[in-house]
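Numbering of residues begins at 1 and proceeds along the displayed sequence. Source: prediction; values computed, not measured.
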Amino acid sequence: MESGATRNIDERRYVHLSPDTINNVSEGLGINNLSSAVAKELAEDVTYRLREIADVCSQFLRHSRYTNVYFIFLTHIWKYIMYESGCLI
């Protein structure tokens, strides 16, 4: 079982989007009637996807000589994730 301090560090390591953030973005895009259940599910999915991207990005950085993330990494990571999931573009 994890201690409270370890859990707090792990939670802060990644971004977490709240359903309120999803509602704000949807209103900005002109979608005014987004239900709270849909906002909650979208928030969980976006949070998972961002964690996946951060994890793959850290793997790329570990295996390269770079110490900073550049846009070209994100392009390669996006293609890698799409290939691994079976969604060939």
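The residues Asp55 and Arg51 are annotated as not salt-bridged, no charged nitrogen and carboxylate oxygen being separated by less than 4.0 angstrom.
In terms of modelled atom types and a separation under 3.5 Å, the side chain of Thr47 and the main chain of His16 share no donor-acceptor contact.
Summarising the geometry, atom CG belonging to Asn32 is positioned 7.5 Å from atom OG belonging to Ser26; distances are rounded to the nearest 0.5 Å. Ile53 contributes atom CD1, which lies 12.0 Å from atom OG of Ser58 (distance to the nearest 0.5 angstrom). Going from atom CG of Asn24 over to atom CG of Leu29 covers 11.0 Å, rounded to the nearest 0.5 Å. Taking CG of Leu17 as the reference point, atom CG of Leu42 lies at 10.5 Å (rounded to 0.5 Å).
Counting heavy atoms from C-beta on, the side chains of Thr21 and Ser18 come closer than 4.5 Å.
Ala43 is linked by a side chain to side chain contact (heavy atoms under 4.5 Å, CB included) to Pro19, Ile22, counting only residues two or more places apart in sequence or in another chain.
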